[in-house]
Amino acid sequence: MGVDASSLTNKQIRDSICVLIGPLNTKNIPLVPETTFSIDLDLDSLTVMDLVASIEDEYEIVLPLNMLPDMENIQQVADAVEKIVKGQ
Amino acid sequence: MSKDLFEKFDDHPMVKAHRLLPEGMPDPSAVRMDEVHSQTEATIDGRRTILVGTNNYMGMTFNEEALEAAHDALRNFGTGTTGSRVLNGTYIGHTELEDTLREFYGTKHAMVFSTGYQANLGIVSSLAGKDDIVIIDADSHASIYDACAMGNATVTRFRHNDASDLEKRLSRLPAEAGKLVVVEGIYSMLGDRAPLIEIVAACKKYGASIAVDEAHSMGFCGETGRGIAQELGVEDEVDFIIGTFSKSVGTVGGFCVSNHPKFEQLRLVCRPYMFTASLPPSVVASARAAINALRYADNQRGALWDAANRLHAGLKGLGFKLATDKVESPIIAVCLEDAITVAECWSELLKAGVYVNTAFPPATPAGLYLLRCSVCAAHTSEQIDQIIEKFAQVAGKLGIRPNETRPSGEESKKEQDRPESDAAAATG
Ligand SMILES: Cc1ncc(COP(=O)(O)O)c(C=O)c1O
């Protein structure tokens with residue numbers, strides 16, 4: 001990624017996560033901050049894992065497995081990513 | 001009234017899959033062997049059945065020396081130790097078995113656990129502490145995932161068997177943090193091998209320690225059967241080899257070998273080693289005899305690879321899609337369309353006198369539905385031919401046209417795009 005991730009706003013991060021979710025959102029569920037991965041989007045754990053990997057690659061960060069239980073919706077992931085990129 | 005604690009299982013993927021089994025079909029998770037005639041035959045449902053799903057790769061369950069040694073130990077030392085290795089549960093046999101492992105692997109240290117599951121649980125959770133980072137292959141065995149859940153380390157994964165993905169992820173980690181990479185030599189579900197040379201190189205570049213679980217490669221990979229690390233000539237660069245006695249050694253138990261100068265300290269801190277009873281003396285004695293036999297088991301190794309090649313070629317000839325294009329291990333997994341097809345095929349095979357394993361997501365990687373065969377050195381060519389014949393019959397009977405399972409042009413692409421699995425639920 002070319003841009004300086006640390007200057008991104010929470011909303012920008014959320015939007016880019018939504019872009020990554022796009023191809024997985026086969027039922028075209030409207031994506032809002034509260035949209036959950038397993039219930040609303042009905043993603044199996046396999047797909048969630050792939051999504052995590054692509055978010056990691058997008059920001060060149062590590063989203064530890066230990067954090068997954070606390071990342072149920074889009075906002076929570078955006079917050080976690082923001083915290084990591086700003087902390088770097 | 002408080003909630004029924006069992007309610008949560010209603011949505012568990014394994015429970016859901018189980019519920020889908022058609023009425024009257026035998027349950028793949030409830031097979032009973034009433035008599036065991038040899039390493040390759042048992043009586044199931046009153047029928048003499050060829051076993052080709054046992055992980056008994058080297059046929060050690062009926063090895064004469066192992067049987068003899070177990071008998072002697074049983075007589076001389078009793079049926080069990082009734083205690084932990086760190087209390088009253090270390091008999092002479094346990095330390096002799098550790099000597100045997102040290103000799104077999106040519107390492108300075110060896111530690112025996114009560115199962116391979118506990119060996120992974122103990123080694124990974126003890127080595128990687130609060131400020132450390134464990135990096136595991138996404139398709140890791142359940143015991144490795146559980147070890148991560150048990151420990152306090154930060155856990156991250158890389159794409160299955162992808163050394164460059166591992167390297168990329170290592171490069172993102174803080175340089176000063178302690179790092180442990182955990183991989184398997186051969187992966188139990190698909191039978192594919194780890195590119196250990198490249199993985200080891202990535203670990204060295206970033207100063208990470210590496211543990212290799214050789215559960216499904218010990219016995220028949222490498223010149224003297226130590227596993228993939230031996231075969232690929234990277235043993236000196238592997239920090240910890242973890243293994244089990246429940247496959248090629250033909251009994252039960254687990255171990256870890258290493259040259260790390262402080263390895264013995266693990267005996268004082270590793271909870272899955274300390275807080276469980278040690279292996280019974282008879283098991284210890286048979287493990288020791290079997291490991292000694294493995295070193296010189298060139299004939300069995302040859303027979304095993306012959307049987308694996310024969311089965312792979314036969315099933316491929318029938319048009320089945322196999323998990324590995326070439327023979328990478330004695331695990332030959334047949335990929336079918338869906339869970340019902342797997343269950344039906346499995347049950348027809350059983351009725352025809354052939355036992356294989358079934359495996360479904362989320363226990364399988366890439367959402368694959370598998371009939372998983374594991375070949376034994378004791379399988380005769382006639383048995384392998386019979387297995388192939390039964391597969392052909394069953395496919396015919398169920399109207400499965402294996403070569404049409406997937407458009408062939410898609411295959412190579414599919415392979416590349418293979419997503420990571422939720423092997424957290426894996427059982428192999
Ligand atoms: C890769 C792997 N590691 C560890 C184990 C656990 O071995 P054990 O049966 O000794 O607990 C298994 C088998 O179940 C396995 O497939």
Side-chain angles (χ1 to χ4, degrees), chain A residues 1-8 13 16-17 19-27 36-73 76-77 79-88, chain B residues 11-14 16-17 124 128 130-140 144-160 162 164-166 168-174 177 179 182 206 360-368 417-426:
Chain A
M1 228 193 48
V3 309
D4 177 11
S6 62
S7 66
L8 293 173
I13 293 173
S16 78
I17 291 170
V19 172
L20 295 172
I21 293 171
L24 311 172
N25 184 9
T26 46
K27 292 184 204 134
T36 62
F37 299 102
S38 68
I39 297 169
D40 297 333
L41 294 173
D42 197 24
L43 301 184
D44 56 30
S45 43
L46 267 162
T47 316
V48 169
M49 244 166 235
D50 237 21
L51 179 61
V52 169
S54 56
I55 297 171
E56 288 181 322
D57 289 345
E58 174 83 13
Y59 294 100
E60 293 182 11
I61 56 170
V62 172
L63 282 174
L65 214 54
N66 328 46
M67 284 169 68
L68 288 196
D70 299 323
M71 297 195 297
E72 291 179 337
N73 66 35
Q76 287 166 339
V77 176
D79 292 345
V81 171
E82 186 185 18
K83 218 167 123 186
I84 295 171
V85 294
K86 304 239 152 112
Q88 275 173 356
Chain B
D11 291 324
H12 190 285
M14 296 305 241
K16 276 208 240 169
V124 177
K130 191 167 86 48
D131 300 319
D132 306 321
I133 303 170
V134 193
I135 307 98
I136 66 173
D137 184 289
D139 285 3
S140 288
I144 296 168
Y145 271 96
D146 290 357
C148 292
M150 178 176 163
N152 301 316
T154 298
V155 184
T156 181
R157 294 178 302 181
F158 64 97
R159 289 179 198 272
H160 176 56
D162 187 338
S164 57
D165 194 60
L166 168 64
K168 188 168 76 183
R169 275 152 219 285
L170 283 170
S171 75
R172 293 177 191 159
L173 300 173
K179 300 176 195 77
V182 186
Y206 290 94
F360 309 101
T364 54
L368 290 169
D417 293 352
R418 225 153 59 75
E420 293 152 273
S421 77
D422 174 16

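Just so we're on the same page: letters track the sequence lines, and every chain starts at 1.
Distance check: Arg159(B) CZ to Asp50(A) CG gives 5.0 Å after rounding to the nearest 0.5 Å. Taken to the nearest 0.5 Å, the CE atom of Met49(A) stands 3.5 Å off from the CZ atom of Arg157(B). Interatomic distance, CG of Leu63(A) versus CZ of Arg172(B), reported as 9.5 Å (0.5 Å rounding).
Only one option out of Val134(B), Ile133(B), Thr154(B) pairs with Pro64(A) in a side chain to side chain contact (heavy atoms under 4.5 Å, CB included); it is Thr154(B).
In this structure, no portion of Ala149(B) lies under 4.5 Å from any heavy atom of chain A.
Side-chain contact between Thr156(B) and Met67(A) is absent, with no heavy atoms from C-beta onward closer than 4.5 Å.
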